[in-house]
Amino acid sequence: MNIREERIVSQKKLTEQEYEQLNKKASPNTKSYITIPSAFLIGGFICLIGQALTNFYISLGVVKDEASALTSISLIFLSALLTGLNVYDNIAKVGGAGTLVPITGFANAVVSPALEFKTEGLVLGLGAKMFIIAGPVIVYGTLASVVYGVIYYLIQLFIK
């Protein structure tokens, strides 16, 4: 559709059928037979890297709990670095939901907006926009953990 046609369509009230036709035209079908296996492979590869890092840290003599923390830190650093180098987005184009493995996807969600708005300055750009995507996850995750903690506490009171 050219710009003139888009203006005409935007000025005209669309029926549900017309809207559905435009939506189908604009949204190509997903090829599940390709996207699901690639998400599985990429997500599995990210987890494999995490396990390899844990094994590596343990082989250096680090205690398992500390090795897990070092693995998390390493995965966050690597995904932030790859996001900054514009590599993570290319991996996500192939791996889709497989790149949303929680820790790497979260780091990408924090770094991406920060990079996008860095031209607006350190405070109003980078600082203000850094948590634009990940902020609600932090807020609701924290709230949910408090609610679950209270529920767990109450259950423990009644069990004893």
Side-chain angles (χ1 to χ4, degrees), residues 20 22-160:
E20 197 63 39
L22 287 173
N23 191 22
K24 283 183 181 180
K25 186 177 179 182
S27 306
N29 290 335
T30 302
K31 297 177 182 173
S32 300
Y33 58 90
I34 295 173
T35 57
I36 292 172
S38 64
F40 175 77
L41 291 172
I42 296 294
F45 185 69
I46 292 171
C47 292
L48 178 73
I49 292 170
Q51 187 61 52
L53 285 169
T54 301
N55 293 347
F56 172 71
Y57 292 131
I58 289 173
S59 73
L60 294 177
V62 177
V63 181
K64 186 176 182 186
D65 287 342
E66 292 174 6
S68 297
L70 286 172
T71 299
S72 296
I73 292 166
S74 299
L75 287 172
I76 291 168
F77 172 77
L78 288 172
S79 64
L81 177 67
L82 292 176
T83 299
L85 296 173
N86 204 25
V87 174
Y88 199 88
D89 292 339
N90 294 331
I91 296 169
K93 286 177 187 172
V94 175
T99 58
L100 295 177
V101 174
I103 200 158
T104 56
F106 188 77
N108 176 264
V110 171
V111 174
S112 290
L115 290 174
E116 186 176 336
F117 292 101
K118 70 180 179 186
T119 57
E120 294 180 23
L122 290 176
V123 175
L124 296 177
L126 187 95
K129 304 294 184 179
M130 185 180 297
F131 294 106
I132 199 164
I133 295 172
V137 175
I138 294 170
V139 170
Y140 288 112
T142 304
L143 180 64
S145 69
V146 169
V147 170
Y148 298 148
V150 169
I151 291 170
Y152 180 76
Y153 176 75
L154 293 174
I155 290 172
Q156 294 303 312
L157 281 178
F158 290 115
I159 290 176
K160 293 181 183 180

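For this chain, numbers begin at 1 and follow the sequence in order.
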For this session: Enter the distance from Leu53:CG to Ser72:OG here, rounded to the nearest 0.5 Å.
Result: 10.0 Å
Exercise. Hey, what do you get for CZ (Phe45) to CZ (Phe40), rounding to the nearest 0.5 Å?
Worked result: 14.0 Å
For this session: Would you check if the side chain of Ser38 reaches a backbone N or O of Val94 as a donor-acceptor pair within less than 3.5 Å?
Result: yes
Seminar exercise, completed: Output for pair (Tyr148 OH, Ile155 CD1), nearest 0.5 Å, gives 12.0 Å
Exercise. Under 3.5 Å, is there a donor-acceptor pair between the side chain of Ser112 and the main chain of Ala109?
Worked result: no
For this session: Applying side-chain hydrogen bond (donor to acceptor under 3.5 Å, both in side chains), name anything that partners Thr99, two or more places apart in sequence or on another chain.
Result: none
For this session: Would you name the heavy atoms of Thr54 and Ala67 that are closest together and state the gap between them?
Result: O-CB, 4.1 Å
Exercise. Which side chain to side chain donor-acceptor pair (under 3.5 Å) pairs, counting each pair once, include a residue from residues 42-52, with sequence neighbours left out?
Worked result: Gln51-Asn55
Exercise. What is the minimum heavy-atom distance between Leu75 and Gly50, and which atoms define it?
Worked result: CD1-CA, 4.0 Å
Exercise. How about Asn108 and Ser79: does a side-chain donor come under 3.5 Å of a side-chain acceptor?
Worked result: no
For this session: Measure the spacing between CD of Gln156 and CD1 of Ile151 and express it to the nearest 0.5 Å.
Result: 12.5 Å
Seminar exercise, completed: Value for CD1 (Ile49) from OG1 (Thr71), rounded to nearest 0.5 Å, stands at 11.5 Å
Exercise. Do Ile103 and Ile76 touch side chain to side chain, with heavy atoms closer than 4.5 Å?
Worked result: yes
Exercise. Can you tell me how far CG of Leu78 sits from CD1 of Ile46, rounded to the nearest 0.5 angstrom?
Worked result: 10.5 Å
For this session: With sequence neighbours excluded, give me every side chain to side chain donor-acceptor pair (under 3.5 Å) pair touching residues 85-96.
Result: Tyr88-Thr104
Problem set entry | Check against side chain to side chain contact (heavy atoms under 4.5 Å, CB included), Leu157 and Leu154 | CA-CA 5 Å; Leu157 281 178; Leu154 293 174; 4.3 Å; yes
